[in-house]
Amino acid sequence: MNTSSVAGTPALREAVADLDSRLGGSALLPEHPGYAEAIAAHNQTAPHRVAVAVLAADADDVREAVAFAAAHSLPVAVQATGHGPSTTADDGLLIVTRALDGVTIDAATRTARVGAGARWGKVVAAAAKEGLAPPNGSSPLVGAIGYAIGGGVGPLGRANGYAADHVRSFDVVTADGVALTASATSEPDLFWALRGGKGNFGVITAMEIGLLQVTRLYGGGLFFEGDNAAEILRTYRDWTTTTPEELASSIAFIRFPDLDVFPEPLRGKYIAHIRVFYFGSADDGERLVTPLRAIGPRLIDTLADMPYTEIGTINNDPTEPGPYYERSTLLRSLDDDALDTVIGLIGPEANSPLLAVEIRQLGGALSREPAVPNAVSFRDAAFSLFLASVPAPNAVDEAVDYQTKVLSTMAPWSTGGPYLCFIGSHEADEETVRAAYEPAVYQRLREVKRQYDPTNLFRVNHNIPPA
């Protein structure tokens, strides 16, 4: 039975009604009240028109939904917060996990049990009560599990590695509708693949992740007029060669719209924003950032000692839903030629439609294999290059084409692939996904996929086909 012959038929409506009667949550068809709200995402670049939406109330609902999808040959997509859509789930079954947002902290073992719908902000707040912190991302609104299964490069990364490196176990429902626990000692191949392989191997309902003894940091942002972008980037690049692993940083070049929602000094300007996260004393932090402050007058300077719970204020990532077109690559180096090339493409004199371009320092613990290996690739990358556009509907092609131009021009310095968490909805093709992994890693992922999802039921994602 193929998907197109099932979607919207009386037989499907009857089957969905039966499914709904078995759920603690609900199963919705497009004509049902609440359907549009249920499938709405933060990132609106890949709007769904799914045959069935299941609002899961618990792990049993997820198991029921997967079994239903398999029985009716409906491809399965999963959405928690909707920050990182891969591709549309048209005529498929969408499992919405946002209600599975429980967070439990075990201070004795320094671990957190995190539900599939929990956002990092909730985990950070819960861990902070015990003097601990998770390996979270820069935005408190991002889903914790979606971030971790894509690797997860956050403020604590250079000192402690990828978020995926800290995962202890996953509760996951596989394509046969069976609930498993994957860890280093139980289903180890699946555990390896889930940490970096994104949503290809099952629907994760919860994870256990290690926490770190962190309560505060010295951090914030330095905002400069971007007219001298090349020299600012050069100073930043040189500075990163001197910084300890306890310091994470990035530089973003942003074309701020002339809107009242932005601080007055930034409105309508091309800005260089250096973000700093230092997990040492405030005095040492002040000393370390001296070369950055010497760049010149700052429009805004927010560097200060702060509790870890305020870490989301540093990048200050967007909080409103919108069409965020994002792409990336990993750079082996940022030598003078690379620096000049990227500024020529995105600098103040470039006719660039990009809203923001971020260069993030990697290295440190991110370059080292974890005690329990996983599928995260290209650990030798020195920087990530991230491109973001929020184009008007009639300017999408221009923005996407320019992103392609930037990435192709920077290819000589690239590892060859994107960073997993930054693969956009408009590039979720097999070639791009393959490029995100080292060849041997990709082949092993395909073999694990064959073992746990031989029919590629979980294909509405950054898909890795079974071997």
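Throughout, residue positions are numbered sequentially from 1 according to the sequence presented. Note that this is a predicted model, so its numbers are computed, not measured.
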Apply salt bridge (charged side-chain N to carboxylate O under 4.0 Å, His left out) to E245 and list each qualifying residue two or more places apart in sequence or on a separate chain. R368
Could you tell me if R195 sits above the aromatic ring of F191, with its cationic atom closer than 6.0 Å to the ring centre and no more than 45 degrees from the axis? yes
Tell me yes or no: between the side chains of T97 and Q79, is some donor less than 3.5 Å from an acceptor? no
Min side-chain heavy-atom separation F253-I343 under 4.5 Å: yes
Residues N43 and T45: side-chain donor-acceptor under 3.5 angstrom: yes
Can you tell whether the side chains of K269 and D227 come within less than 4.0 Å, N to carboxylate O? no
Option from L354, T329, V357 for which side chain to side chain contact (heavy atoms under 4.5 Å, CB included) with V406 holds: L354
Does R275 come within less than 4.0 Å of E358, counting only side-chain N to carboxylate O? yes
Closest non-hydrogen atom pair, V441 against A375: CG1-O, 3.5 Å
If every non-hydrogen atom of A175 is compared with every non-hydrogen atom of D453, which pair is closest and at what distance? CB-OD1, 3.5 Å
Look only at the side chain of Y324 and the backbone of H83, and say whether a donor-acceptor pair between them is shorter than 3.5 Å. no
Does any N or O in the side chain of S384 come within less than 3.5 Å of the main-chain N or O of L330, such that one atom is a donor and the other an acceptor? no
Result for side chain to side chain contact (heavy atoms under 4.5 Å, CB included) between Y218 and one of L288, D284, V289 points to V289
Under 4.0 Å between a side-chain nitrogen and a carboxylate oxygen: does that hold for D301 and R293? yes
Does atom CD of E369 have more than 12 heavy-atom neighbours from other groups under 6.0 Å away? yes
With no hydrogens and no angle check, just 3.5 Å: does a side-chain donor-acceptor pair link N136 and Y308? yes
Please evaluate residues D336 and R237 with respect to the criterion salt bridge (Lys or Arg N to Asp or Glu O under 4.0 Å), reporting the C-alpha separation (whole Å), side-chain torsions for both, the decisive distance (0.1 Å), and the verdict. CA-CA 10 Å; D336 288 346; R237 187 273 316 271; 2.9 Å; yes
Salt bridge check: are R234 and D340 linked by an N-O gap of less than 4.0 Å? yes
What one should report as the nearest heavy-atom pair of F201 and F458 is C-CD1, 4.0 Å
Closest heavy-atom contact between A112 and I105? CB-CD1, 3.6 Å
Interatomic distance, I423 atom CD1 to N461 atom CG [nearest 0.5 angstrom]: 10.5 Å
I'd like to know if K122 pairs up with D101 as an ion pair, taking the criterion as any Lys NZ or Arg NE/NH1/NH2 lying under 4.0 Å from an Asp or Glu carboxylate oxygen. yes
Between L339 and A230, the two heavy atoms sitting closest are CD2-O, 3.7 Å
Where do S138 and D317 land on the side-chain hydrogen bond (donor to acceptor under 3.5 Å, both in side chains) test, with the steps shown first? CA-CA 7 Å; S138 60; D317 293 316; 2.8 Å; yes
Is a side-chain donor-acceptor pair under 3.5 Å present for N374 with D165? yes
Report yes if the side chains of L331 and T415 come closer than 4.5 Å at any heavy-atom pair, otherwise no. no
Aromatic contact between H273 and F224, with the criterion being ring centroids under 6.0 Å apart: yes or no? no
Hydrogens and angles aside, do T235 and D238 bring a side-chain donor and acceptor to less than 3.5 Å of each other? no
Identify the two heavy atoms, one from T240 and one from S249, that lie closest to each other, and give their separation to 0.1 Å. CG2-OG, 4.2 Å
Flag for Y236-Q361: side-chain donor and acceptor within less than 3.5 Å: no
Is the side chain of S139 donor-acceptor paired with the backbone N or O of L141 at a distance under 3.5 Å, no angle test? yes
Check: L385 and Y419 side chains under 4.5 Å, non-hydrogen atoms: no
Pair Y452, E187: side-chain N/O donor-acceptor within cut-off below 3.5 Å: yes
Identify, with sequence neighbours excluded, every residue that meets salt bridge (charged side-chain N to carboxylate O under 4.0 Å, His left out) alongside D189. R444
Validation row: R216, P307 side chains within 4.5 angstrom (heavy atoms): no
